[in-house]
Amino acid sequence: MSAVPGELTPITPPLWLVAELTYTCPLHCPFCSNPLDFAAQTNELSTADWIRVLREARALGAVQLGFSGGEPLTRKDLEELVTEAHALGYYTNLITSGAGLNEVRIRRLKEAGLDHIQLSFQDSTREVNDFLSSTRTFDLKRRVAALIKDHGFPMVMNCVIHRLNIDHVDRIIDLAVEIGAEYLELANTQYYGWALLNRDHLIPSRAQLERAEAVVAARRADLDNRLRILFVVPDYFEGRPKRCMNGWGTTILCVSPDGTALPCQAARMLPNLEFPSVRTSSVRDIWYESRAFNRFRGEAWMPEPCRSCPERTKDLGGCRCQAYLLTGDMGATDPVCDKSPQHGIVLAAIAKGDKVPERALLFRSPENSRVTIEATRPRQS
Amino acid sequence: MTESAPPADSGRPRVARLFRLQWEEAQQAHVLLFPEGMVKLNASAGQILLRCDGMKSTAQIVTDLESAFATSGLAADVEAFLKLATDKGWVEWVVR
(Lines give C-alpha, C1' and ligand atoms only; values in the text may rest on other atoms or scores of the structure.)
Protein backbone atom coordinates (compact mmCIF):
# COMPACT_ATOMS: atom_id res chain seq x y z
CA MET A 1 0.00 0.00 0.00
CA SER A 2 1.17 3.50 -0.71
CA ALA A 3 0.77 6.41 1.63
CA VAL A 4 -1.10 8.81 -0.60
CA PRO A 5 -3.10 11.15 1.63
CA GLY A 6 -6.81 10.70 1.17
CA GLU A 7 -6.47 7.28 -0.39
CA LEU A 8 -9.25 4.96 0.69
CA THR A 9 -8.29 2.01 2.84
CA PRO A 10 -10.78 -0.85 2.91
CA ILE A 11 -12.42 -1.12 6.31
CA THR A 12 -12.41 -4.62 7.77
CA PRO A 13 -15.26 -5.70 10.06
CA PRO A 14 -14.88 -5.73 13.85
CA LEU A 15 -14.15 -9.34 14.80
CA TRP A 16 -13.68 -8.80 18.48
CA LEU A 17 -15.99 -7.03 20.89
CA VAL A 18 -14.70 -6.02 24.31
CA ALA A 19 -17.69 -5.32 26.53
CA GLU A 20 -16.50 -3.39 29.57
CA LEU A 21 -19.62 -3.88 31.61
CA THR A 22 -18.62 -1.80 34.62
CA TYR A 23 -15.74 0.03 36.25
CA THR A 24 -16.78 -1.31 39.64
CA CYS A 25 -14.15 -3.65 41.04
CA PRO A 26 -13.36 -4.85 44.55
CA LEU A 27 -9.64 -4.98 43.69
CA HIS A 28 -7.33 -1.96 43.61
CA CYS A 29 -4.45 -2.99 41.34
CA PRO A 30 -2.04 -0.12 40.68
CA PHE A 31 -1.60 -1.18 37.02
CA CYS A 32 -5.31 -1.20 36.18
CA SER A 33 -6.15 -0.42 32.55
CA ASN A 34 -9.30 1.50 33.48
CA PRO A 35 -9.19 5.28 32.99
CA LEU A 36 -7.88 7.37 35.88
CA ASP A 37 -11.22 9.16 36.09
CA PHE A 38 -13.30 5.96 36.24
CA ALA A 39 -15.03 7.23 39.38
CA ALA A 40 -16.69 9.95 37.28
CA GLN A 41 -18.27 7.34 34.97
CA THR A 42 -21.27 6.08 36.85
CA ASN A 43 -23.89 5.96 34.11
CA GLU A 44 -23.76 2.28 33.09
CA LEU A 45 -25.56 0.89 30.06
CA SER A 46 -28.73 -1.06 30.78
CA THR A 47 -29.23 -4.74 29.98
CA ALA A 48 -31.35 -3.79 26.96
CA ASP A 49 -28.61 -1.46 25.66
CA TRP A 50 -26.02 -4.21 25.92
CA ILE A 51 -28.25 -6.73 24.17
CA ARG A 52 -28.69 -4.30 21.28
CA VAL A 53 -24.90 -3.77 21.10
CA LEU A 54 -24.30 -7.52 21.09
CA ARG A 55 -26.78 -8.02 18.24
CA GLU A 56 -25.49 -5.13 16.14
CA ALA A 57 -21.83 -6.07 16.53
CA ARG A 58 -22.54 -9.72 15.76
CA ALA A 59 -24.37 -8.70 12.59
CA LEU A 60 -21.20 -6.89 11.46
CA GLY A 61 -19.09 -10.00 12.06
CA ALA A 62 -17.88 -9.80 15.67
CA VAL A 63 -17.37 -13.33 16.96
CA GLN A 64 -14.99 -13.12 19.91
CA LEU A 65 -16.58 -11.43 22.90
CA GLY A 66 -14.84 -10.47 26.12
CA PHE A 67 -16.94 -9.57 29.13
CA SER A 68 -14.57 -7.34 31.02
CA GLY A 69 -14.51 -4.42 33.42
CA GLY A 70 -13.89 -3.59 36.25
CA GLU A 71 -15.19 -6.83 37.63
CA PRO A 72 -17.97 -7.99 35.27
CA LEU A 73 -19.39 -10.27 37.98
CA THR A 74 -20.59 -7.18 39.82
CA ARG A 75 -23.26 -6.88 37.08
CA LYS A 76 -26.27 -8.93 38.12
CA ASP A 77 -27.30 -9.33 34.48
CA LEU A 78 -24.07 -11.04 33.39
CA GLU A 79 -25.81 -14.41 32.97
CA GLU A 80 -28.53 -12.81 30.85
CA LEU A 81 -25.95 -11.18 28.60
CA VAL A 82 -24.00 -14.43 28.25
CA THR A 83 -27.20 -16.24 27.31
CA GLU A 84 -27.92 -13.72 24.56
CA ALA A 85 -24.31 -13.73 23.33
CA HIS A 86 -24.22 -17.52 23.19
CA ALA A 87 -27.46 -17.64 21.21
CA LEU A 88 -26.01 -15.12 18.75
CA GLY A 89 -23.01 -17.40 18.09
CA TYR A 90 -20.27 -15.50 19.92
CA TYR A 91 -17.38 -17.27 21.60
CA THR A 92 -17.81 -15.82 25.08
CA ASN A 93 -14.90 -15.04 27.39
CA LEU A 94 -15.28 -13.89 30.99
CA ILE A 95 -12.32 -11.80 32.16
CA THR A 96 -12.46 -11.89 35.94
CA SER A 97 -10.53 -11.38 39.15
CA GLY A 98 -12.57 -14.25 40.60
CA ALA A 99 -14.26 -12.00 43.16
CA GLY A 100 -17.95 -12.88 43.17
CA LEU A 101 -17.62 -16.19 41.36
CA ASN A 102 -19.29 -18.82 43.52
CA GLU A 103 -20.95 -22.20 42.94
CA VAL A 104 -24.34 -20.65 42.12
CA ARG A 105 -23.11 -18.15 39.60
CA ILE A 106 -20.68 -20.46 37.83
CA ARG A 107 -23.46 -23.00 37.40
CA ARG A 108 -25.70 -20.33 35.88
CA LEU A 109 -22.89 -19.14 33.60
CA LYS A 110 -22.35 -22.70 32.40
CA GLU A 111 -26.05 -23.03 31.63
CA ALA A 112 -25.96 -19.66 29.86
CA GLY A 113 -23.32 -21.06 27.48
CA LEU A 114 -20.17 -19.29 28.68
CA ASP A 115 -17.20 -20.71 26.75
CA HIS A 116 -14.14 -19.69 28.74
CA ILE A 117 -12.94 -17.98 31.90
CA GLN A 118 -9.79 -15.91 32.25
CA LEU A 119 -8.79 -15.67 35.89
CA SER A 120 -6.25 -13.09 37.04
CA PHE A 121 -3.68 -13.55 39.75
CA GLN A 122 -1.41 -10.71 40.76
CA ASP A 123 1.39 -13.04 41.83
CA SER A 124 2.26 -16.59 42.85
CA THR A 125 2.60 -15.53 46.48
CA ARG A 126 -0.24 -14.57 48.81
CA GLU A 127 1.77 -11.61 50.11
CA VAL A 128 2.34 -9.87 46.77
CA ASN A 129 -1.07 -10.86 45.34
CA ASP A 130 -2.89 -9.45 48.32
CA PHE A 131 -0.66 -6.37 48.57
CA LEU A 132 -1.08 -5.41 44.89
CA SER A 133 -4.82 -5.97 44.80
CA SER A 134 -5.29 -4.44 48.28
CA THR A 135 -7.56 -7.36 49.05
CA ARG A 136 -7.24 -10.77 50.63
CA THR A 137 -8.02 -12.61 47.41
CA PHE A 138 -5.19 -15.09 46.89
CA ASP A 139 -6.92 -18.01 48.59
CA LEU A 140 -10.23 -17.02 47.05
CA LYS A 141 -8.68 -17.10 43.57
CA ARG A 142 -7.33 -20.59 44.19
CA ARG A 143 -10.79 -21.77 45.21
CA VAL A 144 -12.30 -20.10 42.14
CA ALA A 145 -9.73 -21.84 39.92
CA ALA A 146 -10.88 -25.19 41.30
CA LEU A 147 -14.50 -24.22 40.66
CA ILE A 148 -13.66 -23.29 37.05
CA LYS A 149 -12.06 -26.69 36.47
CA ASP A 150 -14.86 -28.57 38.26
CA HIS A 151 -17.34 -27.05 35.84
CA GLY A 152 -15.28 -27.98 32.81
CA PHE A 153 -14.37 -24.51 31.56
CA PRO A 154 -11.13 -23.93 29.72
CA MET A 155 -9.09 -21.53 31.84
CA VAL A 156 -6.56 -18.86 31.01
CA MET A 157 -4.57 -17.65 33.96
CA ASN A 158 -3.50 -14.05 33.54
CA CYS A 159 -0.81 -12.36 35.55
CA VAL A 160 0.30 -8.79 34.91
CA ILE A 161 4.09 -8.74 35.12
CA HIS A 162 6.23 -5.91 36.51
CA ARG A 163 9.21 -5.25 38.72
CA LEU A 164 7.53 -6.55 41.88
CA ASN A 165 6.75 -10.03 40.52
CA ILE A 166 8.89 -10.59 37.42
CA ASP A 167 11.45 -12.50 39.48
CA HIS A 168 8.66 -14.94 40.45
CA VAL A 169 7.90 -16.01 36.88
CA ASP A 170 9.06 -19.56 37.54
CA ARG A 171 6.67 -19.88 40.53
CA ILE A 172 3.87 -18.20 38.58
CA ILE A 173 4.23 -20.89 35.91
CA ASP A 174 4.13 -23.54 38.67
CA LEU A 175 0.90 -22.02 39.95
CA ALA A 176 -0.66 -22.13 36.47
CA VAL A 177 0.25 -25.82 36.16
CA GLU A 178 -1.06 -26.52 39.67
CA ILE A 179 -4.46 -24.98 39.06
CA GLY A 180 -4.80 -26.69 35.68
CA ALA A 181 -4.81 -23.62 33.40
CA GLU A 182 -4.62 -24.36 29.68
CA TYR A 183 -2.97 -21.03 28.91
CA LEU A 184 -0.90 -18.62 30.94
CA GLU A 185 -0.67 -14.99 29.92
CA LEU A 186 2.34 -13.31 31.44
CA ALA A 187 1.14 -9.86 30.54
CA ASN A 188 3.99 -7.40 30.77
CA THR A 189 2.61 -4.14 32.08
CA GLN A 190 1.62 -1.61 29.46
CA TYR A 191 2.01 1.91 30.66
CA TYR A 192 -1.33 3.64 30.34
CA GLY A 193 -3.64 5.00 33.01
CA TRP A 194 -2.80 3.73 36.47
CA ALA A 195 0.26 1.84 35.27
CA LEU A 196 1.73 5.02 33.78
CA LEU A 197 1.18 6.87 37.07
CA ASN A 198 3.01 4.07 38.84
CA ARG A 199 5.59 3.38 36.15
CA ASP A 200 8.63 4.05 38.32
CA HIS A 201 7.46 1.27 40.66
CA LEU A 202 6.50 -1.16 37.93
CA ILE A 203 9.08 -0.98 35.18
CA PRO A 204 11.57 -3.83 35.52
CA SER A 205 15.27 -3.56 34.90
CA ARG A 206 16.62 -4.95 31.65
CA ALA A 207 18.45 -7.64 33.65
CA GLN A 208 15.19 -8.75 35.31
CA LEU A 209 13.49 -8.94 31.95
CA GLU A 210 16.28 -11.01 30.41
CA ARG A 211 16.21 -13.46 33.32
CA ALA A 212 12.44 -13.84 32.99
CA GLU A 213 12.70 -14.44 29.25
CA ALA A 214 15.25 -17.19 29.84
CA VAL A 215 13.03 -18.84 32.47
CA VAL A 216 9.99 -18.74 30.18
CA ALA A 217 11.95 -20.23 27.27
CA ALA A 218 13.24 -23.09 29.43
CA ARG A 219 9.85 -23.85 30.97
CA ARG A 220 8.12 -23.76 27.57
CA ALA A 221 10.48 -26.45 26.34
CA ASP A 222 9.83 -28.60 29.45
CA LEU A 223 6.08 -28.19 29.46
CA ASP A 224 5.69 -29.16 25.81
CA ASN A 225 2.06 -28.28 25.11
CA ARG A 226 0.51 -29.00 28.50
CA LEU A 227 0.47 -25.29 29.26
CA ARG A 228 0.79 -22.66 26.57
CA ILE A 229 2.59 -19.57 27.80
CA LEU A 230 2.16 -16.16 26.24
CA PHE A 231 4.95 -13.78 27.13
CA VAL A 232 5.26 -10.70 24.99
CA VAL A 233 8.35 -8.61 25.54
CA PRO A 234 7.24 -5.14 26.67
CA ASP A 235 7.50 -2.64 23.83
CA TYR A 236 9.59 -0.19 25.87
CA PHE A 237 12.45 -2.69 25.64
CA GLU A 238 11.94 -3.76 22.04
CA GLY A 239 13.02 -0.68 20.12
CA ARG A 240 10.01 -1.17 17.85
CA PRO A 241 6.36 -0.42 18.48
CA LYS A 242 3.68 -3.07 18.59
CA ARG A 243 0.85 -3.24 16.11
CA CYS A 244 -1.54 -1.86 18.66
CA MET A 245 -4.95 -3.62 18.82
CA ASN A 246 -3.97 -5.13 15.45
CA GLY A 247 -4.42 -1.64 14.02
CA TRP A 248 -6.79 1.18 14.95
CA GLY A 249 -10.34 0.32 13.94
CA THR A 250 -9.33 -2.86 12.10
CA THR A 251 -10.37 -5.68 14.41
CA ILE A 252 -11.37 -4.65 17.91
CA LEU A 253 -14.32 -2.66 19.17
CA CYS A 254 -14.43 -1.71 22.84
CA VAL A 255 -17.58 -0.48 24.45
CA SER A 256 -17.04 1.12 27.84
CA PRO A 257 -19.51 0.96 30.73
CA ASP A 258 -21.25 4.24 29.79
CA GLY A 259 -21.60 3.24 26.13
CA THR A 260 -18.64 5.14 24.70
CA ALA A 261 -17.24 3.17 21.76
CA LEU A 262 -13.45 3.01 21.48
CA PRO A 263 -10.86 1.35 19.23
CA CYS A 264 -9.01 0.38 22.44
CA GLN A 265 -9.73 0.59 26.17
CA ALA A 266 -7.05 3.20 26.72
CA ALA A 267 -8.13 5.57 23.93
CA ARG A 268 -10.78 7.41 25.88
CA MET A 269 -8.37 10.16 27.06
CA LEU A 270 -7.23 11.08 23.52
CA PRO A 271 -8.20 14.70 22.88
CA ASN A 272 -10.72 16.06 20.37
CA LEU A 273 -11.82 12.72 18.96
CA GLU A 274 -15.39 12.80 20.28
CA PHE A 275 -15.77 9.06 20.55
CA PRO A 276 -19.31 8.04 19.59
CA SER A 277 -21.73 6.40 22.00
CA VAL A 278 -23.81 3.28 21.41
CA ARG A 279 -26.63 5.20 23.12
CA THR A 280 -26.96 7.53 20.13
CA SER A 281 -25.35 5.72 17.17
CA SER A 282 -25.65 2.26 15.69
CA VAL A 283 -22.59 0.03 15.90
CA ARG A 284 -22.44 0.08 12.09
CA ASP A 285 -22.27 3.89 11.95
CA ILE A 286 -19.70 3.94 14.75
CA TRP A 287 -17.42 1.41 13.06
CA TYR A 288 -17.68 2.54 9.45
CA GLU A 289 -18.65 6.21 9.53
CA SER A 290 -17.46 7.88 12.73
CA ARG A 291 -14.62 10.34 12.50
CA ALA A 292 -12.95 8.86 15.59
CA PHE A 293 -12.73 5.32 14.19
CA ASN A 294 -11.50 6.60 10.82
CA ARG A 295 -8.95 9.00 12.29
CA PHE A 296 -5.98 6.59 12.38
CA ARG A 297 -7.00 4.00 9.81
CA GLY A 298 -4.63 3.38 6.94
CA GLU A 299 -1.41 5.31 6.48
CA ALA A 300 -2.44 8.76 5.37
CA TRP A 301 -2.24 10.16 8.94
CA MET A 302 1.36 9.02 9.46
CA PRO A 303 4.15 11.51 10.12
CA GLU A 304 7.82 10.93 9.41
CA PRO A 305 9.72 8.76 10.19
CA CYS A 306 6.77 6.32 9.79
CA ARG A 307 5.57 7.64 6.44
CA SER A 308 8.67 6.51 4.55
CA CYS A 309 9.53 3.57 6.83
CA PRO A 310 9.50 0.09 5.29
CA GLU A 311 8.15 -1.32 8.58
CA ARG A 312 5.06 0.91 8.63
CA THR A 313 2.75 -1.81 7.28
CA LYS A 314 3.93 -4.13 10.06
CA ASP A 315 3.48 -1.92 13.12
CA LEU A 316 1.18 0.76 11.66
CA GLY A 317 3.08 3.46 13.52
CA GLY A 318 2.50 1.85 16.92
CA CYS A 319 0.14 2.92 19.66
CA ARG A 320 -1.71 6.26 19.46
CA CYS A 321 -2.36 6.32 23.19
CA GLN A 322 1.30 5.82 24.00
CA ALA A 323 2.28 8.53 21.52
CA TYR A 324 -0.13 10.94 23.20
CA LEU A 325 0.74 10.04 26.79
CA LEU A 326 4.48 10.29 26.24
CA THR A 327 4.80 13.10 23.66
CA GLY A 328 1.53 15.02 23.97
CA ASP A 329 0.81 14.40 20.25
CA MET A 330 -1.44 11.46 19.38
CA GLY A 331 -0.38 11.72 15.74
CA ALA A 332 3.33 11.25 16.49
CA THR A 333 5.39 8.13 15.89
CA ASP A 334 5.14 5.86 18.92
CA PRO A 335 8.23 6.88 20.92
CA VAL A 336 9.07 3.29 21.83
CA CYS A 337 10.43 3.10 18.27
CA ASP A 338 14.14 3.84 18.25
CA LYS A 339 13.61 5.73 14.98
CA SER A 340 11.36 8.21 16.79
CA PRO A 341 13.05 11.57 17.45
CA GLN A 342 11.48 11.34 20.92
CA HIS A 343 12.76 7.86 21.80
CA GLY A 344 14.82 9.45 24.59
CA ILE A 345 11.63 9.67 26.69
CA VAL A 346 11.40 5.87 26.70
CA LEU A 347 15.12 5.38 27.35
CA ALA A 348 14.80 7.67 30.37
CA ALA A 349 11.87 5.60 31.68
CA ILE A 350 13.81 2.35 31.23
CA ALA A 351 16.77 3.85 33.08
CA LYS A 352 14.53 4.10 36.16
CA GLY A 353 14.03 0.32 36.10
CA ASP A 354 16.63 -0.20 38.80
CA LYS A 355 16.05 3.00 40.77
CA VAL A 356 14.02 3.57 43.91
CA PRO A 357 10.82 5.46 43.02
CA GLU A 358 10.38 8.96 44.38
CA ARG A 359 6.63 8.82 44.94
CA ALA A 360 4.41 6.33 46.75
CA LEU A 361 2.55 3.65 44.81
CA LEU A 362 -0.95 4.87 43.96
CA PHE A 363 -3.63 2.19 44.13
CA ARG A 364 -6.64 2.17 41.83
CA SER A 365 -9.48 3.22 44.09
CA PRO A 366 -12.50 5.52 43.76
CA GLU A 367 -10.82 7.92 46.22
CA ASN A 368 -7.59 8.10 44.22
CA SER A 369 -9.63 8.38 41.02
CA ARG A 370 -11.41 11.46 42.39
CA VAL A 371 -8.04 12.95 43.33
CA THR A 372 -6.79 12.52 39.76
CA ILE A 373 -10.01 14.02 38.39
CA GLU A 374 -9.43 17.10 40.57
CA ALA A 375 -5.78 17.26 39.56
CA THR A 376 -6.54 17.25 35.84
CA ARG A 377 -9.59 19.52 35.91
CA PRO A 378 -7.89 22.89 35.17
CA ARG A 379 -6.09 21.51 32.12
CA GLN A 380 -9.24 20.01 30.67
CA SER A 381 -11.07 23.32 30.16
CA MET B 1 -21.75 -47.07 13.23
CA THR B 2 -22.41 -49.09 10.13
CA GLU B 3 -19.18 -48.56 8.18
CA SER B 4 -16.51 -51.21 8.24
CA ALA B 5 -13.91 -50.72 10.94
CA PRO B 6 -10.83 -48.65 10.01
CA PRO B 7 -7.32 -50.06 10.43
CA ALA B 8 -6.64 -50.56 14.12
CA ASP B 9 -3.80 -48.02 14.27
CA SER B 10 -5.58 -45.04 12.70
CA GLY B 11 -7.82 -43.51 15.37
CA ARG B 12 -10.51 -40.99 14.52
CA PRO B 13 -9.82 -37.28 14.60
CA ARG B 14 -12.14 -34.76 16.17
CA VAL B 15 -11.95 -31.04 16.86
CA ALA B 16 -10.22 -30.74 20.24
CA ARG B 17 -12.13 -29.78 23.37
CA LEU B 18 -10.66 -26.29 23.60
CA PHE B 19 -11.78 -25.36 20.08
CA ARG B 20 -15.05 -24.56 18.39
CA LEU B 21 -15.46 -24.75 14.62
CA GLN B 22 -18.02 -22.49 13.00
CA TRP B 23 -18.86 -20.76 9.73
CA GLU B 24 -18.49 -16.98 9.81
CA GLU B 25 -20.52 -15.15 7.21
CA ALA B 26 -18.58 -11.87 7.55
CA GLN B 27 -15.29 -13.64 6.88
CA GLN B 28 -16.72 -16.10 4.34
CA ALA B 29 -14.70 -18.77 6.10
CA HIS B 30 -14.78 -21.42 8.75
CA VAL B 31 -12.98 -20.30 11.89
CA LEU B 32 -11.65 -22.12 14.94
CA LEU B 33 -12.53 -20.29 18.12
CA PHE B 34 -10.69 -20.79 21.40
CA PRO B 35 -10.02 -18.79 24.57
CA GLU B 36 -9.33 -15.24 23.38
CA GLY B 37 -8.31 -16.37 19.93
CA MET B 38 -9.41 -17.29 16.46
CA VAL B 39 -7.91 -19.03 13.44
CA LYS B 40 -9.41 -18.29 10.04
CA LEU B 41 -9.32 -21.45 7.97
CA ASN B 42 -8.91 -21.72 4.22
CA ALA B 43 -11.59 -23.61 2.33
CA SER B 44 -9.92 -27.02 2.32
CA ALA B 45 -8.91 -26.86 6.00
CA GLY B 46 -12.50 -25.96 6.83
CA GLN B 47 -13.87 -28.89 4.83
CA ILE B 48 -11.49 -31.36 6.48
CA LEU B 49 -12.18 -30.14 10.02
CA LEU B 50 -15.93 -30.24 9.40
CA ARG B 51 -15.54 -33.98 8.95
CA CYS B 52 -13.40 -34.48 12.08
CA ASP B 53 -16.24 -35.72 14.28
CA GLY B 54 -14.47 -38.50 16.19
CA MET B 55 -16.46 -41.05 14.17
CA LYS B 56 -14.73 -41.06 10.79
CA SER B 57 -11.24 -42.40 10.21
CA THR B 58 -8.76 -40.46 8.08
CA ALA B 59 -9.48 -42.82 5.19
CA GLN B 60 -13.21 -42.20 5.50
CA ILE B 61 -12.65 -38.44 5.58
CA VAL B 62 -10.61 -38.70 2.38
CA THR B 63 -13.30 -40.78 0.66
CA ASP B 64 -16.00 -38.40 1.81
CA LEU B 65 -14.11 -35.35 0.49
CA GLU B 66 -13.26 -37.00 -2.81
CA SER B 67 -16.87 -37.86 -3.34
CA ALA B 68 -18.17 -34.42 -2.24
CA PHE B 69 -15.79 -32.56 -4.55
CA ALA B 70 -15.75 -35.19 -7.36
CA THR B 71 -11.99 -35.56 -7.27
CA SER B 72 -9.32 -38.05 -6.23
CA GLY B 73 -5.84 -38.20 -4.75
CA LEU B 74 -6.57 -36.10 -1.64
CA ALA B 75 -5.07 -38.52 0.89
CA ALA B 76 -1.64 -36.88 1.12
CA ASP B 77 -3.10 -33.40 1.58
CA VAL B 78 -5.57 -34.53 4.21
CA GLU B 79 -2.90 -36.42 6.14
CA ALA B 80 -0.52 -33.45 6.00
CA PHE B 81 -3.21 -31.09 7.27
CA LEU B 82 -4.25 -33.46 10.06
CA LYS B 83 -0.64 -33.69 11.16
CA LEU B 84 -0.39 -29.90 11.29
CA ALA B 85 -3.75 -29.64 13.06
CA THR B 86 -2.64 -32.23 15.62
CA ASP B 87 0.64 -30.38 16.26
CA LYS B 88 -1.31 -27.16 16.76
CA GLY B 89 -3.68 -28.90 19.16
CA TRP B 90 -6.75 -28.25 16.98
CA VAL B 91 -7.44 -31.94 16.56
CA GLU B 92 -7.38 -34.82 19.03
CA TRP B 93 -7.66 -38.52 18.25
CA VAL B 94 -10.25 -40.94 19.49
CA VAL B 95 -8.72 -44.38 19.74
CA ARG B 96 -11.05 -47.26 20.33
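Letters A, B, ... are given to chains in the order of the sequence lines, protein chains preceding strands, and every chain is numbered from 1.
Of all residues spanning residues 26-33 of chain B, those with a heavy atom less than 4.5 Å away from chain A's heavy atoms are B:Ala26, B:Gln27, B:Leu33, arranged by number.
The number of heavy-atom neighbours closer than 6.0 Å to NZ of B:Lys83, taken from other residues, nucleotides and ligands shown, is 12 or below.
Annotation: maximal heavy-atom pairing with chain A below 4.5 Å, among B:Glu25, B:Met38, B:Glu24, occurs at B:Glu24. Options A:Gly89, A:Gly66, A:Ala59, A:Pro13 differ in how many heavy-atom pairs under 4.5 Å they form with chain B, and the most are formed by A:Gly89. Options A:Ile117, A:Val156, A:Leu15 differ in how many heavy-atom pairs under 4.5 Å they form with chain B, and the most are formed by A:Leu15.
Under a cutoff of 6.0 Å and an axis angle of 45°, A:Arg297 and A:Trp287 form a cation-pi pair.
By the 4.0 Å N-to-carboxylate-O rule, A:Glu178 lies close enough to A:Arg142 to be salt-bridged with it. Electrostatic pairing of A:Glu79 and A:Arg107 does not count as a salt bridge here, judged by no charged N lying under 4.0 Å from a carboxylate O. For A:Asp115 and B:Arg20, the salt-bridge test passes: some basic side-chain N is under 4.0 Å from an acidic carboxylate O.
For a residue to count as touching a neighbouring chain, one of its non-hydrogen atoms must lie under 4.5 Å from one of that chain's; by this rule B:Lys88 touches chain A with the backbone only. Within the 4.5 angstrom heavy-atom criterion, only backbone atoms of A:Leu60 (N, CA, C, O) approach chain B.
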Scan the side chains in residues 180-190 of chain A for donor-acceptor partners under 3.5 Å anywhere in the protein, sequence neighbours excluded, and list what turns up.
from     : atom 1 : to       : atom 2 : distance (Å)
A:Glu182 : OE1    : A:Lys149 : NZ     : 3.4
A:Glu182 : OE1    : A:Met155 : N      : 2.8
A:Glu182 : OE2    : A:Lys149 : NZ     : 3.0
A:Glu182 : OE2    : B:Arg17  : NH2    : 2.6
A:Glu185 : OE1    : A:Asn158 : ND2    : 2.9
A:Asn188 : ND2    : A:Val232 : O      : 2.7
A:Thr189 : OG1    : A:Ile161 : O      : 2.7

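Within the structure, the salt bridge (charged side-chain N to carboxylate O under 4.0 Å, His left out) test picks out the following pairs touching residues 57-74 of chain B (sequence neighbours left out): B:Arg51-B:Asp64.
The side-chain hydrogen bond (donor to acceptor under 3.5 Å, both in side chains) search around A:Arg55 returns A:Glu84, not counting sequence neighbours.
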